[in-house]
Every structure is written in C-alpha cells, then in structure tokens.
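Note that these values count all heavy atoms, side chains included, but never hydrogens, waters or copies made by symmetry. First listed ligand is number 1; within each ligand, the first listed atom is number 1.
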Amino acid sequence: MSTRLDELAARVSAARADAAARGETFYPGPSRIHLAAFPPKQRWDDWVELESTDWPRRTERHYMLVPTTCFNCESACGLLAYVDRETWQVRKFEGNPEHPGSRGRNCAKGPATINQVTDPDRILQPLKRAGARGSGRWEPVGWDAALDDIAGRIRAAIVDGRANEVMYHVGRPGEDGFTERVLASWGVDGHNSHTNVCSSGARAGYHFWTGIDRPSPDHAGAEVILLISSHLEAGHYFNPHAQRIMDAKQAGAKLIVMDTRLSNTATHADFWLSPYPGSEPAILLAIAAHLVRTGRYDREFVRRWWNWAEYLAAERPEAPRTFEAFEAAFGELYASYTFAFAAAESGVPERTIAQVAETVAAAGTRLSTHTWRSAAAGNLGGWQVARTLFLLNALLGAVATPGGTYPNAWNKFVPRPIHTPPHPPSWNELTWPLEYPLALNELSFLLPHFLKEGRGTLDVYFTRVYNPVWTNPDGLSWMEVLTDERLVGLHVALTPTWSETAFLADYVLPMGLGPERHDLHSYEQYDGQWVAFRQPVLRAARERAGAQVTDTRQVNPGQVWEENEFWIELSWRIDPDGSLGIRRYHESRAHPGQKLTVDEYYGWIFEHSVPGLPAAAAAQGLTPLAYMRRYGSFEIRAGVGAVHEEPVPDSDLDDAATDGFGRVYTRAPAAASPNVVPVGTPEPDAAGRRPVGVVVDGVVRRGFPTPSGRLEFYSRTLAAWGWREEAVPGYQRSHVHPTALDADQMVLISTFRLPTQIHTRGGNAKWLDELAHTNPLWLHPTDAARIGVGTGDLVRVETEIGAFVVKAWVTEGIRPGVVACSHHMGRWKLREQGQQGQRQVMATVDLTRRDDQWRMTRLAGVAPYASGDPDTARIWWTDVGVHQNLTFPVHPDPISGQHCWHQAVRVTRAAPGQAYGEITVDTAKAHEVYQKWLGLARRAETHSPDGTRRPYWLMRPLKPARDAYRLPETAPDERAD
Ligand code: SF4
C-alpha cells in the first residue's frame with residue numbers, strides 16, 4: 001500500500017515541478033492526483049487527450065476548452081465545453097474549475113448537456129402551424145417572417161391600448177431581469193412565471209421575515225445543518241450546496257433532514273424525521289419554544305434585531321414596552337407547542353424531537369437551514385414552513401454568521417444593465433388578481449380559469465422553456481384554453497425541445513441550450529458574490545480562433561437562436577422607426593441609432609458594473625468581455641458578512657427622520673450599495689423620504705429591507721392586509737391534515753423529483769433517461785398489504801378531479817398512510833404528433849374528450865428507433881412513467897399564492913381493464929375546486945389598508961409604475977377597516 005501511495009506522491013511532485021517549470025498553476029484535482037486534475041486554465045487553448053475509442057492506439061485529440069454554465073437547473077454550475085479543434089464541434093462537457101460556486105463539480109445533468117446538444121429529435125428550425133392547433137401539422141418558416149408576424153401583433157396590441165393581451169410566461173429563466181426589461185421597454189405588464197407552482201411558499205416565508213425572498217445558508221461552515229427535504233440530491237442550488245454540505249459533514253457537522261420520504265439525503269442524515277405532511281411547522285415551533293424555555297437562544301441578537309417592540313405595540317398594548325415583556329409574551333404565545341403536541345401532529349416520536357431540539361440548541365450561530373419547495377410547496381399555509389424554520393436562525397442569532405444563514409441578496413450580485421427602461425404603466429389582473437394581494441409571484445397556474453371566466457384574453461402568448469400542460473396542475477384545463485383561439489390568439493413557444501405545450505403553439509421557435517446562448521448569473525451558494533457567463537461556446541471558440549461572429553445562428557446547430565439577440569431583433573421590429581419609444585432601449589450606446597449587439601451589451605456590463613473585473617482582466621491583457629469569454633466566471637468578493645450591522649454613513653443621513661420604532665428615513669439620494677441587492681422596496685415615510693437604516697442601540701445601521709428595518713417576527717403587512725392571525729410565525733393545519741381526510745383517503749406527495757431528471761428539457765438526455773425513466777408510487781408495506789398489492793402491481797390513484805393508474809413500489813422509505821410519486825415522469829404525445837416529440841421519453845397516447853370529461857389511454861411506450869445517433873436503436877426500456885399532474889386541481893394558498901401540491905387520494909388495486917397510464921379527468925370539477933379555493937382569498941378591495949392593490953414593498957419580478965398600484969375606483973365604505 002505504502003509503495004502505491006509513495007508512487008502517487010512522487011507523481012504529484014513531478015507534476016507540480018513540471019507545472020512550475022512551465023509557469024503554470026498546478027491543479028491537484030479532487031483526488032489529489034494530477035492525472036485526475038482539471039486542465040490548467042493556461043492550457044485551455046490546446047488541451048490534448050487521447051481518443052478513447054481508438055485504444056490501444058494512442059491518437060491525440062486537441063481541444064479548445066470554452067466555459068459556459070449549465071442550464072439544467074437554476075444552480076448555473078460552470079461547464080467546460082471540449083471543442084474539437086479539427087471539427088469545431090463539442091465532444092463533451094465537464095466542470096469548470098474556475099467557477100466559484102460549483103468549483104469544477106457537476107451533477108449527472110451537467111455532462112449530459114452533450115446529449116441535449118446532439119439530440120436527434122431536437123427542434124432545429126422555426127416552425128409554423130399548418131393545421132388546427134395540436135393537429136401535429138407544421139411547416140418550416142423563416143425567422144424573418146415569424147418575427148414580422150409576431151412583432152406586428154404586439155405593436156398593434158400596444159398601439160390599440162391592449163398591452164395586457166401580451167404575455168410572456170417563463171419556465172426556466174436564463175438571466176436575471178433581461179426579459180423583464182424587454183417587457184418594460186414595451187410598456188407591458190406581461191411577465192408571468194412558473195414560481196407559484198415552485199417556490200413562492202418558501203419565498204413568502206423568508207420575505208416576510210427579512211424583506212428578501214431566499215436564504216443563503218453557509219453549509220460549509222455549519223455545525224448543524226437542518227434541511228426540510230432532499231437538498232443533497234435535488235434541492236435548491238443542488239450541486240453547489242450538496243458539495244458544501246458534504247464538506248461540513250466531513251468536518252463533523254450534524255445533519256438533520258425532515259422529509260416524509262427516505263430521500264438519498266435522508267440516508268446521509270444523523271437525524272431523519274419523517275413527519276406527517278404539513279406538520280413541519282409544529283415541530284419547528286416546538287424546537288423554538290424549547291430554545292426559549294431553556295434560555296438557549298441569543299438574547300442580545302433578538303433584542304437588537306427583532307421588531308419585538310412593534311409586536312408589543314400592536315398585540316400587547318397593555319404590556320410594558322420592554323424586552324422582558326416580549327420574552328414573556330413569546331413564552332405564552334408558543335406555550336402549547338410542546339414536544340408532545342409536535343409528536344401528536346407529526347407522528348415523529350417525542351424523544352426524537354427533543355434530541356433534535358438539543359442538537360439545534362448546541363449549534364449556536366452555526367446553524368444553517370434551508371427549505372425551498374417540498375413542504376412549503378405542498379400545504380395550505382406551507383409558507384409558514386420557511387417562516388418557522390428561519391425562526392430558529394433568528395432565535396440563535398445564526399443570521400449572516402459563519403455557518404449560519406444569510407439573506408440571499410447579500411450573496412448574490414445583480415449588475416447594472418446598459419439600459420433601464422421605466423416601469424410599465426399598467427397592471428395585469430390576469431397575473432396579479434385582486435384576490436391575492438400578498439402573493440409573492442404571479443398566479444400563473446390559475447390562468448386557464450381566469451380566461452374561462454372571461455377576465456381577459458391573450459393576443460400574443462409566449463411560453464418560454466415552459467410546459468404548463470405537463471408541469472402545472474390541471475393540465476387539461478390548459479389544453480382547453482390553449483386550443484381556443486378566441487382566448488389565446490397567437491401562441492409562440494420558445495423552446496429547445498418538443499413539449500406537450502409546444503404541440504399547441506402557432507409558432508415553435510428553436511432556442512439555444514446552455515452552450516448556445518448568453519446569460520449572466522449570480523446565485524447565493526456560499527458567503528460570497530460571483531458572476532458567471534453562459535455563452536454560445538462555438539461562437540466563443542471561433543472568436544478565440546480569430547473568426548468574426550455577428551449572429552449566434554452562424555455557429556449554432558440548424559437555425560437555433562439565442563434569446564437575447566431574438567428579443568433585441570423583435571423589439572426593433574415592433575418599433576422600427578423608434579416612434580413608440582421602445583427601440584432606444586435596444587440601441588447601441590457606442591453607435592446611437594444602431595442595433596445593440598450582445599458583445600456591447602455584456603461588454604458594457606463587465607466594464608462598468610462588475611467591481612474588480614476590469615482590473616483582473618487588464619492584469620492578463622484582456623478586455624473584461626474577453627476575460628469572461630475565456631474563464632466564464634469571476635468572484636467579486638468573498639466573506640460579505642453581516643450587511644445589516646453596517647453603520648449608515650452620515651452622508652446618507654441628509655434630513656433624516658426616525659419613526660417610533662427606530663426606522664430611519666433620509667432625503668439623501670440612494671447610492672448603489674456594493675453589497676445589497678434590492679429585493680423588497682420598503683415604503684417611503686409620509687414626507688417622501690426613503691428608508692435607509694434602523695437605529696440599534698443608538699447607532700443607525702443598514703438593517704433589513706423590511707418595513708421596520710428589522711427582522712419581522714411580527715409582520716405589520718400581514719396584519720394590515722387582513723391576516724392578523726398569521727402575522728407571527730405559526731402553524732395552521734394543512735388541507736391534507738388527518739382531520740380533513742375521509743377514512744379511506746391517504747396523502748399523495750408529488751413535490752419531489754429524481755436527481756437525474758430536468759423537467760421538460762431532460763426528455764432526450766439519453767444518459768439520464770437510461771438512469772431513470774419511470775415514477776412508481778411509493779407505498780408502505782402496511783398500506784400495500786391493506787390494498788392487496790406488491791411491487792409492480794397496478795394501483796389506481798383517485799384525486800378530487802380524476803384518477804391515474806400507476807405501478808406500485810412497496811418500500812419502508814415512506815410513512816404509512818402517505819404515498820409519493822416523482823413529478824419528473826409521464827411525458828406523452830398524441831398519435832397525431834407522429835415522429836415529432838422526444839421519442840426517448842414520451843409515450844404515445846390517445847386523448848378523448850366528451851364535454852368536460854377527458855380520458856387518456858396509452859397506445860405505446862418508447863421503443864428503439866433509427867436516427868443519427870446509434871444509441872437510439874439501443875433503447876431497452878419502454879416505460880416512461882405516468883403524468884399524475886393532469887389529475888390535480890389547483891390549490892392556491894390565499895396568502896403566498898403558492899399552489900399547494902399535496903393531494904388527498906384514494907389508492908386501490910387497479911380493476912381489470914384499468915390499464916397502466918390511464919388517466920381520467922373532469923375539468924368541470926377542476927373549475928369547482930378552483931372556485932372553492934378562491935373562496936379562501938381575502939381580496940384587496942376589501943382588505944387593502946391604503947387603497948392599493950398590493951403592498952408596494954413586496955417584491956414583484958416586474959414592478960409596474962407606482963400609479964398602477966392604485967385600486968380601481970372603489971367607494972371607501974366598501975373597504976374594511
Ligand atoms: S446542479 Fe447539476 S443540473 Fe444544476 S446547474 Fe449544476 S450541474 Fe447543472
């Protein structure tokens with residue numbers, strides 16, 4: 001053994017000396033062995049590897065290594081494209097060691113990008129519908145003709161005062177704010193996102209606490225990591241967080257995982273808690289109450305940073321305004337949250353909860369916590385999961401501390417763009433309806449019901465890397481409106497791949513994958529700030545080799561385009577002479593009157609908006625743009641620290657005024673803070689001064705972007721807008737609480753995914769499909785015995801509006817009484833679509849409709865087929881899973897707007913004749929369920945305290961002008977106090 005180690009050590013030393021002799025940095029690589037190392041960046045122009053398929057011949061292949069970022073989840077990990085210098089094609093993708101977030105590592109989906117690029121079924125040219133929508137008949141169309149048609153309709157809508165009929169609905173966003181600014185330049189409040197079927201619940205919980213809608217846990221520095229759900233394998237910022245969680249574990253940190261399912265992450269945990277779905281806040285509040293009861297919390301932090309004085313003033317006006325009085329009030333408020341109560345609600349043993357509480361208490365300021373979708377996206381009131389989880393950080397003072405949890409905006413960098421168009425003047429009630437004034441994001445999944453109710457129509461509807469028919473609940477209601485040309489005049493699908501939704505488009509426009517487009521990213525993955533550059537790698541390679549590329553279509557496959565060039569071109573065609581005031585936001589600064597190019601757009605940002613980048617580039621004799629094209633990422637700063645503690649300089653305190661709780665307002669103009677990304681925009685005071693800080697023990701500090709400037713244990717916003725009972729962290733029983741279920745019902749969890757799948761775009765990633773291609777129903781052995789099924793048997797799952805037939809998987813990895821089914825499977829195409837579609841993962845189905853009654857039956861699974869890729873003839877699986885989301889009605893949470901995914905279901909053995917993949921749905925019932933949940937909402941007209949539609953300080957991805965926030969004319973006496 002020692003001989004082998006000695007040999008390796010000698011090789012490392014030799015390699016180190018070799019690198020030093022060449023003046024290069026030595027990269028020992030993750031295994032500490034040079035042969036496993038990343039290619040040193042000095043050799044990225046000509047990296048040599050042996051051709052694996054030629055072995056034992058030693059044929060050398062020369063590569064140019066070009067960085068980009070992965071597009072297969074939001075993490076934006078760095079990738080290096082290996083561009084063959086002979087063919088100028090990409091051979092493979094590996095990690096980019098220069099990327100500060102991912103540090104050269106990727107999950108399986110990163111390298112699988114090459115499958116997507118070479119997918120024989122991908123869309124390579126613009127297509128126009130040649131028959132009825134959904135008929136499967138298409139004809140090629142030129143980009144010019146498509147652009148002119150779409151631009152003409154948008155122009156007409158804007159000129160005719162129908163701007164609200166233009167909507168852009170995004171699934172996976174590429175770049176922070178680019179398309180929002182495009183819409184703003186058109187004066188259109190038309191942004192729609194997928195966020196309310198994804199993360200709005202968690203965002204709301206964080207936003208009401210901190211004014212910022214995401215956490216940034218410093219997992220690597222933590223002593224205790226508390227995760228709600230499966231962050232090691234599929235959670236938010238998956239790979240960048242997972243590797244840091246493992247770093248912490250290796251250093252001795254304890255891992256606590258709360259997940260009803262035995263996820264891969266749970267298998268790594270010191271404590272795995274499998275709570276009854278929706279009971280998570282009860283456990284978290286019991287832990288919080290324990291911390292306070294035993295005095296194991298950071299009293300000074302709570303005294304200095306919580307808005308406890310506001311709470312006392314609003315809810316305990318009779319109590320003295322002292323911290324001691326608040327401590328007493330807190331104890332009373334949560335006295336009922338005992339371990340016994342939490343155990344009764346969750347089914348987790350009292351003893352285990354007590355052990356976890358002790359473990360959390362011992363973490364002190366090194367407690368990192370995270371929740372994103374999972375429970376926060378599953379339950380009525382799920383947003384309180386995030387609020388009660390962050391309560392633990394707020395009690396321990398584990399906020400913006402090493403090993404604690406930061407507000408994300410401090411660990412994220414959003415650069416200033418070259419042009420900033422004004423806020424649109426109008427308000428679109430199809431996305432921001434009056435029923436949901438506090439929703440964190442657009443009520444996107446209610447759109448079919450709004451259209452059916454006659455709340456409006458759409459003239460031009462873009463779906464962009466979004467597949468609502470498949471991804472959203474209630475997909476057949478989507479199908480009903482997308483096939484109705486009176487409701488949706490023109491549907492443009494911007495997509496790299498076929499999808500259930502693209503089949504229903506009028507234009508299908510092929511958009512670039514991660515290595516075929518530009519985007520700029522920065523995400524909170526540790527206590528630091530970085531930017532990374534997604535770029536069309538063949539364009540960058542050609543340019544590095546001396547060629548000139550003026551349009552990304554010159555290098556992309558087929559006629560695939562990138563979106564930034566597309567949006568600039570489309571905007572010019574909407575306003576060809578500039579008379580609408582749109583074109584100027586898409587013009588060159590350097591050459592007024594000429595079209596903005598992506599080189600100028602990004603070159604300007606890198607030159608003017610990214611601190612430190614120009615100097616780092618100059619040190620290598622590069623322009624900032626050339627630096628980013630070569631290395632793909634740049635770390636702006638590490639160790640940002642506790643921004644809220646920063647004293648506000650006197651220069652920012654011109655004509656300052658302070659409210660009764662210490663919030664400080666100023667007339668000094670806002671200077672761009674190098675640290676803080678604005679998310680919430682707290683209201684000015686009555687005299688129009690802007691909030692600038694908060695007085696803490698006599699010093700004006702930056703604080704948090706909340707109305708009070710402090711951490712808001714008590715949300716005056718929630719109280720003022722009709723939700724006083726939800727104004728502090730709390731627990732409300734979920735819509736799937738046992739008391740809400742019939743005796744024969746179970747809970748279905750559908751909010752998890754397999755770590756090797758990518759929503760729609762992963763469809764034809766062949767390596768990933770081979771790894772995972774079905775979604776059986778997780779069923780506990782006791783339930784399986786009761787139902788009389790074993791693994792592989794068919795079961796029928798009945799929801800409120802329909803049913804689906806799926807295979808059972810009997811496992812002890814799920815609670816009795818709960819079933820689970822991954823949502824990343826069950827893709828389908830109609831027989832009419834023929835050879836179109838993602839043939840490696842889409843079943844062929846028959847779909848019939850009689851009035852509101854729909855039935856889907858499976859005609860065939862997948863099969864081997866001939867294509868340019870010989871691997872498609874080697875497909876050995878037929879099963880592609882079942883599309884359960886079709887059978888889910890919408891469940892909008894009345895506060896956060898999040899769709900509450902968990903379902904109350906009846907699971908029975910499938911009867912003879914009920915075949916695998918069979919789905920039935922009643923869309924009339926779906927509309928009834930929608931109306932029932934709508935009844936939970938508290939409308940702005942009756943609950944707005946100030947005549948506005950929504951608190952101005954709450955985030956909105958695209959904020960309209962302030963005037964648009966005014967409610968439509970309403971008599972004052974129609975509003976509640
Ligand atoms: S975690 Fe995986 S899918 Fe997500 S960006 Fe990183 S490599 Fe890509």
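Legend: residues meeting side chain to side chain donor-acceptor pair (under 3.5 Å) with His241, ordered by chain and number and at least two apart, are absent. Not a single salt bridge (charged side-chain N to carboxylate O under 4.0 Å, His left out) links Glu223 to another residue, sequence neighbours left out. Evaluation of the salt bridge (charged side-chain N to carboxylate O under 4.0 Å, His left out) rule for Arg85 yields no partner, not counting sequence neighbours.
Looking only at atom types and distance, the side chain of Asn411 has no donor-acceptor partner in the side chain of Glu524 under 3.5 Å away.
Using a 4.0 Å cut-off to heavy atoms of Ala76, the atoms of ligand 1 that qualify are 5 (S).
A donor-acceptor pair under 3.5 Å is absent between the side-chain atoms of Thr195 and the main chain of Ser200, judged by distance alone.
Remark: Met511 CE to Leu509 CG distance equals 5.5 Å, nearest 0.5 Å.
Around atom 2 (Fe) of ligand 1, protein N, O or S atoms at less than 2.8 Å comprise Cys107 SG.
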